Amino acid sequence: MKELIERLVAQALAALPAEDRGSLDDLHPEVERSRDPAHGDFACSIALRLARAARTNPRALAARIVAALPPNPFIARTEIAGPGFINFFVTTAAWQQQIARVLETGAAYGCSDAGAGRRAIVEFVSANPTGPLHVGHGRHAAFGASLASLLEATGWSVHREYYVNDAGRQMDILAASVWLRYLELCGERVEFPVNGYRGEYLRPIAADLQARHGAALRRPADQVFADLPPDEPAGGDRERHIDAVIARMRELLGAADFRTVFDRGLEDILADIRDDLGGFGVRFDRWYSERGLADHGAIDRALARLREHGHVYEQDGALWFRATAFGDEKDRVVVRENGQSTYFASDIAYHLEKRERGFDLLLDVLGADHHGYVARVRAGLIAMGEPGESLEVRLVQFVALFRGGTKVQMSTRSGEFVTLRELRAEVGDDAARFFYVMRSNDQHLDFDLELARARSNDNPVYYVQYAHARVASVLRQAAGRGQPFDAAVGLAALGRLGEPAELALMSEIARWPEVLGQAAALRAPHAVVHYLRELATAFHACYNALPFLVEDPALRNARLALIVALQQVVRNALGLLGVTAPETM
RNA sequence: GCGCCCGUAGCUCAAACGGAUAGAGCACCGGCCUUCUAAGCCGGUGGUUGCAGGUUCGAAUCCUGCCGGGCGCGCCA
C-alpha cells in the first residue's frame, strides 16, 4: 500500500511544473504510516520539504500535488492538514486485497527485489578458535544471521562467512596449552602457564590427541621447562614465559609434530563451534582460513597494490601504510621489522580478496571494541583502489546476563554460565535467537534469563509464537467440526471483513512489506521483533473481539482467510529471525 | 589527552531521511473466561527525551559546550 501511494505521489510530482518541484528532483516521495487515525492511514510530507526549495506556501503546494494525483480505487480520499501534510484515507477494499495477496504469495509475502541481485558478503562471529563461543558471540550469531536473512529477503545475493583466525600467536598459545594438557594425561607433572588457555574444554582435546597418537608426542617435563624464563607467579613475565614454552615446544616436537598438535586443537574447537552454531540455526557458506589468505598470496597482492599506488614507505626497518592520507588517525605497519606481515595486513588483504570475489557490499559484524578498526580497513581499501563505501561495519554491543534482578558475573575463572551452549540449554534456541535481536545492535543488551525461559505471557517469544499456534488451533477446531477452511470461499468473501478489529489486523498485515524493507535497509532486525509484537497484539485483540467459527460459511471463511494470512506473516517474520513457528503450545 | 558509541516513563527499550499530541512491554491500579488455548483481551496512572545554548515553519533526531556511562587509541591478535 505504501508503495502504491508513493508511486501515485511520484506521478503527481512529475506532472507539476518545474518550479514547484524545486531543485530536488531526486527527492523520494516519503510516505509514512499516520500515527493518529484522524490523520488517515498514510501521510506524506513532501510538500513541506519541497516548499522550502521552491519558496512557496506548503499548503498551496500540497493542494497542487493532490490535484495532480491520479485517481485510484484504493484511495478513499485525501486531505491537506496541518502545515501541509497530505493525508491518505485508504478504502476497506485496499486492506482486503492485501489478505488475498498474502495467501497467494505465501512465504514470499513481504519480500522485495530492492537489493536488485547485488552481491553482499556478511562476515560475522569470526571468533578466534581458541575456545567455545560465549554469550557475546551468540548475539553476533543471531544478529548476523538475521541480517543476512533480511538482505536475502529483499533481493540481495548473500554469502555468509566466518573468518577463522587460524594463524598467529593466540593459536600458538592454544597449541601449547593443548600439548601441556596432553603431557599431563601422559603422566608428566606440568606447571600450567598463567597465560595459557586454562579452560576445562582443552582436556577432551588432549585426550583426543592421546587417543590418536599415544605417547608419540610425549616429552619429559623437565626438558620442556628447563631454563625457561620464569612465569608470573615465580616473579617473571607471563608473556615471555608462554612465548618461551611455545618456542621450546617447536624445538622438542619439530615443525611437523607441532603442526599436528596445533591442528588437533584448531579442528576440535572449530568442530565444536560449528556444531554449536548449527544447533543455533546459524550456518555459513564458507569458513575462511586466515592461513589460506597467506597461502594463496592474497597478502602479497594487497601489499603490491599499496606499493603500486605509492601508499607505503619504509621506516625503522618496517613497511608502513600511509593510512593518514585516507582519514585514519595514524599510519600503520604492514610488514614488521622481522619480516612478518601484521594482522592489519591480513585484514586489508582479506577485504581486498572479498572484492576480488565480486562482492559489492562487504558487511562486517564486529564487536563494539573493534570500532577503531573500521577507519583503518576502509583506508586500506581506498588506497588499494577499491570503493570505501563497499565496506559497511555494524558494531554489536556487549551482553549482560541477568538472572532475576541480579547480574550474572561472567568471568572465565568463576566458571559461571559463560558459553553460548549453556545459554541455549537453559532458555532454548527460540528464546535465545529472539532475545538477542530484541534490542538494537548498538545498544547494550540486558538478557534476562528468567524472562527468556518463562512460559508466561510476560515472555515476548511466547506471546508471538502463541499467536501462530492459536491460529493452528482454530483451524483444527474448524476441521474437527467438519468445516475446514476453504480458501476459495474465504477469498471470495473478503468483502465481509470490516469490523474495527479486523481492519486493524489487516492494516498490520499490510505493514509487513514496509517493515521488512525498512529493517533490511537500516540493518535493524530488532524492528522485526517490535513488529511481531504489534502484529500479535492485533491478532489477539481480534481473537477476543470476534468469533471466527461462525455458522455463515462466507463470513467464517473470510475470517479464517484473515487469520491464515496473519499466521503466514508471523511465520515469515519469525523465520527471518531463526525462530520456529509452532502449531501447538 | 584524543577519537567512536550511548543517555528517552520507576525498569527494559522503540521512534529511517528533522514532521502533526514522543510510543510499546514490564511494574502498579481497575475490569473480562458456561462459548474457537486467559500462554489472551479492555481501561487507567506514569515524560522538562542527561544539562545549557544554537539552527528553523517544526528538534529525541542536526550544530556547539558541559555532565554521566561504555569502548578504542601496539611492529598484539
Side-chain angles (χ1 to χ4, degrees), chain A residues 27-28 30 32 34-36 38-39 43 45 48-49 51-52 57-58 81-85 87 128 130 165 167-173 239 290 315-320 329-330 332-344 346-347 367-375 395 397-398 402 405 438-440 442-448 451 454-463 465-467 469-478 480-481 501 517-519 521-522 524 526-527 529-530 533-534 536-537 539-550 559-560 563 584-585:
Chain A
L27 201 70
H28 188 64
E30 291 124 358
E32 55 185 25
S34 303
R35 282 172 180 263
D36 188 338
H39 296 144
S45 60
L48 289 165
R49 278 166 225 289
R52 183 177 309 188
N57 177 341
F85 291 100
N87 293 333
N128 284 353
T130 54
N165 287 276
R169 181 165 172 266
Q170 291 308 316
M171 288 305 295
D172 287 341
I173 296 177
E239 305 292 346
E290 179 187 356
Q315 187 182 306
D316 305 330
L319 189 68
W320 294 73
E329 51 192 19
K330 53 170 72 170
R332 307 286 170 179
V333 172
V334 284
V335 180
R336 279 177 270 194
E337 206 174 351
N338 65 12
Q340 282 191 325
S341 61
T342 60
Y343 188 85
F344 170 65
S346 298
D347 277 341
D369 51 338
H370 285 73
H371 64 76
Y373 149 118
V374 182
L395 299 175
Q397 293 287 343
F398 300 118
F402 285 81
M438 212 159 40
R439 306 297 177 222
S440 162
D442 52 31
Q443 289 283 347
H444 290 262
L445 174 67
D446 287 343
F447 194 119
D448 187 334
L451 181 61
R455 317 193 109 256
S456 78
N457 51 350
D458 297 348
N459 188 337
V461 189
Y462 283 94
Y463 182 80
Q465 287 184 318
Y466 180 43
R470 227 178 183 183
V471 173
S473 174
V474 173
L475 294 176
R476 283 193 298 271
Q477 288 280 337
R481 294 178 189 188
Q518 181 160 315
L522 299 178
H526 73 275
V529 172
H530 286 272
R533 266 192 178 172
E534 284 153 15
T537 298
F539 165 70
H540 289 309
C542 200
Y543 183 97
N544 275 59
L546 305 164
F548 303 127
L549 302 180
V550 294
R559 285 186 175 162
L560 289 178
I563 66 173
T584 60
M585 286 177 76

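Every chain is numbered from 1 and lettered A, B, ... according to where its sequence line falls, protein lines coming before strand lines. Computed from heavy atoms alone, side chains included, the values below leave out hydrogens, waters and symmetry copies. Worth saying up front: this structure is predicted, and the values here are computed from it rather than measured.
- Between A:D458 and A:K330, the one whose closest nucleotide on RNA chain B sits nearer the 5' end is A:D458.
- Taking atom CG of residue A:N544 and atom C1' of nucleotide B:G31, one finds them 13 Å apart after rounding to whole Å.
- Residue-level contact check: A:A167 touches the backbone only, with heavy atoms under 4.0 Å from sugar-phosphate atoms and none from bases.
- The shortest distance between side-chain heavy atoms of A:L560 and A:L549 falls below 4.5 Å.
- Put simply, NE2 on A:H444 is 10 Å from P on B:C13, counting in whole angstrom units.
- In this entry the distance linking CG of A:D369 with C1' of B:C6 reads 15 Å, nearest Å.
- At B:A38, one or more side-chain N or O atoms of A:Y543 fall inside 4.0 Å of OP1 or OP2 (strictly under the cut-off).
- With both pairing distances under 3.5 Å, B:U12 is matched to B:A24 as a Watson-Crick or G-U wobble pair.
- Note that the CD1 atom of A:I173 and the OG1 atom of A:T130 stand 9.5 Å from one another [nearest 0.5 Å].
- Considering NE2 of A:H526 and CZ of A:R439, their distance stands at 9.5 Å, rounded to 0.5 Å.
- Within the structure, every side-chain polar atom (N or O) of A:Y373 is placed at least 4.0 Å from both OP1 and OP2 of B:G3.
- A:A368 comes within 4.0 angstrom of sugar-phosphate atoms only, judged by non-hydrogen atoms across all strands, and of no base.
- Phosphate proximity of B:G74 to A:R332: absent, as no side-chain N or O sits under 4.0 Å from OP1 or OP2.
- In this pair, A:F398 does not lay its aromatic ring on the base of B:G70; centres under 5.5 Å and planes under 30 degrees do not both hold.
- Contact annotation for A:S440: backbone-only contact, meaning every heavy-atom pair under 4.0 Å involves sugar-phosphate atoms and none involves a base.
- Base contact: A:H39 has a heavy atom under 4.0 Å from a base atom.
- Summarising the geometry, atom CE belonging to A:M438 is positioned 6.5 Å from atom CZ belonging to A:R533; distances are rounded to the nearest 0.5 Å.
- Take the nearest nucleotide of RNA chain B for A:H370 and for A:N87: the residue whose nucleotide is more 5' is A:N87.
- Atom CZ in A:F447 sits about 13 Å away from atom P in B:C13, given to the nearest Å.
- For B:C32, the paired nucleotide is B:G40, the pair qualifying as Watson-Crick or G-U wobble because both relevant distances are below 3.5 Å.
- Atom CE of A:M171 sits about 9.0 Å away from atom CG of A:N165, to the nearest 0.5 Å.
- For the pair A:Q443 and B:G70, the criterion of a side-chain N or O lying under 4.0 Å from OP1 or OP2 is not met.
- The distance between atom CE of A:M438 and atom P of B:A24, rounded to the nearest whole Å, is 18 Å.
- Taking the six-membered ring where tryptophan is involved, the planes of A:F548 and A:Y543 are perpendicular, since the angle between them exceeds 60° and thus also 30°.
- Judged by atom type and distance alone, A:H371 reaches the base of B:G3 through a side-chain donor-acceptor pair under 3.5 Å.
- Taken from CD in A:E32 to CZ in A:F85, the straight-line distance is 7.5 Å, to the nearest 0.5 Å.
- With a 3.5 Å ceiling on both atom-pair distances, the Watson-Crick or G-U wobble partner of B:U64 is B:A52.
- Across all strands shown, the partner of B:G19 is B:C57, judged by Watson-Crick or G-U wobble contacts whose two distances both fall under 3.5 Å.
- You'll find that the side chain of A:Q170 is closest to B:A77, out of B:G25, B:A77, B:A39.
- Across all strands shown, A:L522 has heavy atoms under 4.0 Å from sugar-phosphate atoms exclusively, and none from any base.
- B:G3 is paired with B:C71 under the Watson-Crick or G-U wobble criterion, all donor-acceptor distances under 3.5 Å.
- Side-chain nitrogen and oxygen atoms of A:R336 include at least one within less than 4.0 Å of the OP1 or OP2 phosphate oxygen of B:C76.
- Taking atom CG of A:N338 as the reference point, atom C1' of B:C76 lies 13 Å away to the nearest angstrom.
- Ring-base stacking between A:H530 and B:A24 is not satisfied when judged by a centre separation under 5.5 Å and a plane angle under 30°.
- Atom CG in A:D448 sits about 11 Å away from atom P in B:C13, given to the nearest Å.
- If you measure from atom CZ of A:R533 to atom P of B:U12, you get 15 Å, rounded to the nearest angstrom.
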